[in-house]
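In this text, all values refer to a predicted model and were calculated from it rather than measured experimentally. Side chains included, hydrogens not; waters and symmetry mates left out as well; all remaining heavy atoms used.
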Number of protein chains: 2
Amino acid sequence: MSPPGEESCIPTDEALERPSTRDRILDVALELFVQSGFDGTSLRVIAERLGITKAALYYYFASKDDMLMALHMRVHEFGREAITSMGDEPVTLEAWSELVRGVMDQMMAQRKLFLLHERNQAAIEKLHRQQHMEAHEDLESNFRKILSDSRVPLHDRVRMAGAFGVVFACLFLSGDAFASVANEELRALVHDAVEAILKR
Amino acid sequence: MSPPGEESCIPTDEALERPSTRDRILDVALELFVQSGFDGTSLRVIAERLGITKAALYYYFASKDDMLMALHMRVHEFGREAITSMGDEPVTLEAWSELVRGVMDQMMAQRKLFLLHERNQAAIEKLHRQQHMEAHEDLESNFRKILSDSRVPLHDRVRMAGAFGVVFACLFLSGDAFASVANEELRALVHDAVEAILKR
DNA sequence: GTCTATATTTCGATAGAC
DNA sequence: GTCTATCGAAATATAGAC
């Protein structure tokens, strides 16, 4: 009993601790949700890959949706600071360039988490509806809100959306076309392209 | 009996004919697959919205997958000419600009069809696996093949991917942020942004 | 914490009348 | 072409022993 929620990570014995069962479940779930989609992944295969049974999963998660929610929350942490750093004043192209660069770094570091969102939009939106998460403040809704800010010239907003699209296309839409390119080299090339689109 | 396949459209009586039941089914399915995802849409709700029963759907389609496949094929027609127009010689930035412009027009005209693909990648990939569609020649696989062509400088390939991302972000990732903008105005602004990224 | 066993539901699909 | 009725499969989720 007393199923563990999102426990605070108090390192009891230095950096010796292996990932908890809960985290191992989430790692496997993330892998499979990206590969086969949320709906295409049954609890049975998740359990099988972990070497446990379906029922054991329910000790850690109240439902399958709960797993998706836990993974969804992981992404939030990243987007939060980046987005909230922009206040309510109109965004400038220079500030946007800075933001896009930061988001790109996070996307490269947490590739799978962002792929999860790209490939399971329907399932995640369903979650949002069920849990009445109104003022949810996630990355893409804030992204869209900024792009709707009529105080910023339309020309600039299109460039801002486009700059983000450059990153998105190079990291995700391109599949593994750039997989053989070193991270630093790709980062520099993408950043130059972003600059080209945001420069006046 | 004799369930109708993809019939050739011989206009029997001028432009008088209303959409066939088969097409009405596909229209509703497209709407719902985009809204709730393929897996999140049951045949029951499709039938209900059409005012018929589940069983009636099977007169027109052999399976639910068959519906998705029919919609998938609709997109193919668009991408084909655009992609096959580029032969096997290395793509230039100028040719790519032309191609991106054409794809953008098709995306604006057939928005829902492209949304279907963006939001149901997992389901469509599963289709491809089951039907062993190897040399499938669809839009995104050709897109990725071109971006992997090592005869083109990496710098240019990143720009090409980015240019496509600009379109993608402005039309899809931005949601309805640009919904109030006239098509022609948006088209011009996006194209300028694409030019900025493809210009040497 | 993990198991076996089972309840419950929903969905895709089929059979056959009309 | 569309219906009623039903099948069979697979999934999520629960109960309770260990």
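Neither OP1 nor OP2 of C:dA15 sits under 4.0 Å from any side-chain N or O of B:Tyr58. OP1 or OP2 of D:dT2 has not a single side-chain nitrogen or oxygen of B:Tyr59 nearer than 4.0 Å. Close to C:dT2, at under 4.0 Å from its OP1 or OP2, lies no side-chain N or O of A:Thr53. Using a 4.0 Å cut-off, no side-chain N or O of A:Arg44 falls inside it from OP1 or OP2 of D:dA10.
Spacing between atom NZ of B:Lys64 and atom P of C:dT10 amounts to 15 Å, rounded to whole angstrom units. In this structure, CD1 of A:Ile25 is placed 8 Å from P of C:dT2, rounded to the nearest angstrom. The nearest whole Å value for the distance from the CG atom in A:Leu57 to the C1' atom in C:dG1 is 12 Å. In this entry the distance linking CG of B:Leu127 with P of C:dG12 reads 14 Å, nearest Å. For the pair B:Glu48 CD and C:dG12 C1', the computed distance is 15 Å after rounding to whole Å. Rounding to whole angstrom units, NZ of residue A:Lys54 and P of D:dA13 are separated by 10 Å. Separating the OH atom of B:Tyr60 from the P atom of D:dC3 is a distance of 10 Å, rounded to the nearest angstrom. Atom CZ of A:Phe61 and atom C1' of C:dT2 are 16 Å apart (whole Å).
When all heavy atoms are compared, the tightest approach of A:Ser174 to B:Ala161 is OG-CB, 3.6 Å.
Nucleic acid contact for B:Thr41: sugar-phosphate only, since backbone atoms but no base atoms lie under 4.0 Å from a heavy atom of the residue. Using a 4.0 Å heavy-atom criterion, one finds that B:Ser42 contacts the sugar-phosphate atoms exclusively.
Here C:dC3 is the nucleotide among D:dG1, C:dA13, C:dC3 with the atom lying nearest to any side-chain atom of A:Ile52. Considering only the side chain of B:Ala55, D:dC3 comes nearest among C:dT4, D:dC3, D:dA13. Checked against D:dA13, C:dC3, D:dT2, the side chain of A:Ala56 finds its nearest nucleotide in C:dC3.
By the 6.0 Å and 45° rule, B:Lys64 stacks over the aromatic ring of B:Phe38.
In this structure, B:His128 has its ring center under 6.0 Å from that of B:His72.
Comment: A:Glu140 does not engage A:Arg144 in a salt bridge, judged by the lack of any side-chain N to carboxylate O separation of less than 4.0 angstrom.
Applying the ring pair (Phe, Tyr, Trp, His ring centres under 6.0 Å) definition to pairs two or more places apart or across chains, none involves residues 179-200 of chain A.
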